[in-house]
Amino acid sequence: MAKLSVRDLDVRGRRVLVRVDFNVPVEEVDGRIRITDDTRIQESLPSIRLLQEKGAKVILLAHFGRPKGQPNPKYSLRPVAEHLRTLLGGSVEFSPEVIGEKAEAASRDVPDGGVLLIENVRFYKEEEKNDENFARALARLGDVYVNDAFGAAHRAHASTAGVAKFMPQAAMGLLMERELKYLQEELANPKRPFLVILGGSKVSDKIGVIHSLMEKADSFLIGGAMAYTFYRALGIPTGASRVEEDKVDLARELLDRAKTKGIKFLLPVDNIEAAEFRAGAPTRNTPRVSASQGISEGWMGVDIGRETIAQYKAEIANAKTILWNGPVGVFEIPDFAQGTRAVAEAVAAADATTIIGGGDSVTAVKQFGLADRMTFISTGGGASLELLEGKELPGVAALTDK
Ligand code: AMP
């Protein structure tokens, strides 16, 4: 169902309450909070700037960390307001009150085109409980509502979902719109072949995604530790690799299902195995796997092998839509990163719509300097996975239908 967009709103002179994702990583240096990665703040700038240009009074709502429902200076959004001021190059006010008379007065004092950031909504336990009275109090800070916090859209909280009910109009922001365009619309009618690359540490995190995408994708490439749970299901030796014992039956079911549906479901045909899980540990490329030969006793699989890389590259080059979620090896350790790098380079070079579906594969793509060669990189973690699982996100469901 198409939702109202911030682009559709008439906002001149009106207070637009915008839920953004400012939950950025920080470090404390000499008692001062420093933002170590401001990607999330940057990603919300297009919506903020659009609203400023249209003459709106922009009131920003966000959460930061886990203050457990109580005011806590450690989790104040004040440093974010300062950072935002440098990014927008203009006046950005900060309200230390989240709700109530003072906060409402501050929202009314914002000039047209001005910005006010409200203190961390999670200073109230009512936020995560999606409390109606709290949502109503938040709604008094604005005249219309915009949700641009894709990364928090899978949570039914007061500022992400509840508040929408008390607003005459609730629209998606530009970032939210882009996320839905690529993770939902584009994948509903993909150009074929549609290839899904899945890696990461656990099958259990991706079961829902595999189930849902088996209805749409033509082929799957599996890597990362999750491959070894599938190995176990096939009786291939896994050595000391990470295997989810309680998911082996499920892995077998997924393999059967792929077979029945005629979907290509490729597991690594060889691997890099390491004697220890650390940089500099001895490694070797295993021979081609079979029922009797897989990962060696006492060794662990840490990356896909050379033959697998060649095979996966060919599949990637042939695809017209590619969705990638999860590294195919322990890419944080450079010795074990070759498979993930090769996959990232092949995806970047593919003549296809390429979508990086959130989490650690995003980190990997950025680390390899390939981010601007992908069609779309999702900013969500849990929200991206839930969307790919075909679930409705509460933060989207709450918005006004177009
Ligand atoms: P996820 O958060 O599920 O996408 O998993 C990402 C994590 O999986 C990364 O930190 C990788 O280091 C880890 N990973 C990938 N391959 C392996 C492997 N073969 N063994 C252990 N961990 C792995």
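Counting convention: from 1, in listed order, for ligands and their atoms alike. Only heavy atoms go into these numbers, but all of them, side chains included; no hydrogens, no water, no symmetry mates.
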Looking only at protein heavy atoms, which one is nearest to [atom], and what is the separation?
atom: atom 22 (N) of ligand 1; result: Val330 CG2, 3.8 Å
atom: atom 20 (N) of ligand 1; result: Ala225 CB, 3.5 Å
atom: atom 15 (C) of ligand 1; result: Gly329 O, 3.1 Å

query = Hey, are Arg19 and Asp148 close enough for a salt bridge, meaning a charged N less than 4.0 Å from a carboxylate O?
reply = no
query = Has ligand 1 got any nitrogen or oxygen that is less than 3.5 angstrom from a nitrogen or oxygen of Glu332?
reply = yes
inquiry  = A quick test of your reading: do over 12 heavy atoms of other residues, nucleotides or ligands sit less than 6.0 Å from NZ of Lys313?
reply    = no
ask   = Hey, which of Arg12, Arg15, Arg108 is the one that makes salt bridge (Lys or Arg N to Asp or Glu O under 4.0 Å) with Asp143?
value = Arg15
query = Does Phe336 have a heavy atom less than 4.0 Å from any atom of ligand 1?
reply = no
key: Lys206 touching ligand 1 at heavy-atom level, < 4.0 angstrom   = yes
query = Ser378 and Val362: side-chain contact (heavy atoms from CB on, under 4.5 Å), yes or no, with the steps?
reply = CA-CA 8 Å; Ser378 177; Val362 174; 5.6 Å; no
request  = Apply side-chain contact (heavy atoms from CB on, under 4.5 Å) to the pair Leu187 and Leu388, showing each step before the final yes or no.
outcome  = CA-CA 9 Å; Leu187 299 185; Leu388 294 172; 3.6 Å; yes
request  = Please identify which atoms of ligand 1 are closer than 4.0 Å to at least one heavy atom of Tyr228.
outcome  = 19 (N)
remark   = In ligand 1, the atoms that come under 4.0 Å of a heavy atom of Gly200 are 1 (P), 3 (O), 4 (O), 5 (O), 6 (C), 8 (O)
remark   = Nearest non-hydrogen contact to atom 8 (O) of ligand 1 from the set Ser201, Gly326, Gly301, Gly224 belongs to Ser201
query = Taking atom 6 (C) of ligand 1 as the point of reference, which of Val302, Asp360, Leu385 owns the nearest heavy atom?
reply = Asp360
ask   = Would you call the rings of Tyr75 and Phe64 parallel, tilted or perpendicular, where under 30° means parallel and over 60° means perpendicular?
value = perpendicular
task = Over 60° means perpendicular and under 30° means parallel, so classify the ring planes of Phe331 and Phe368, tilted if in between.
result = perpendicular
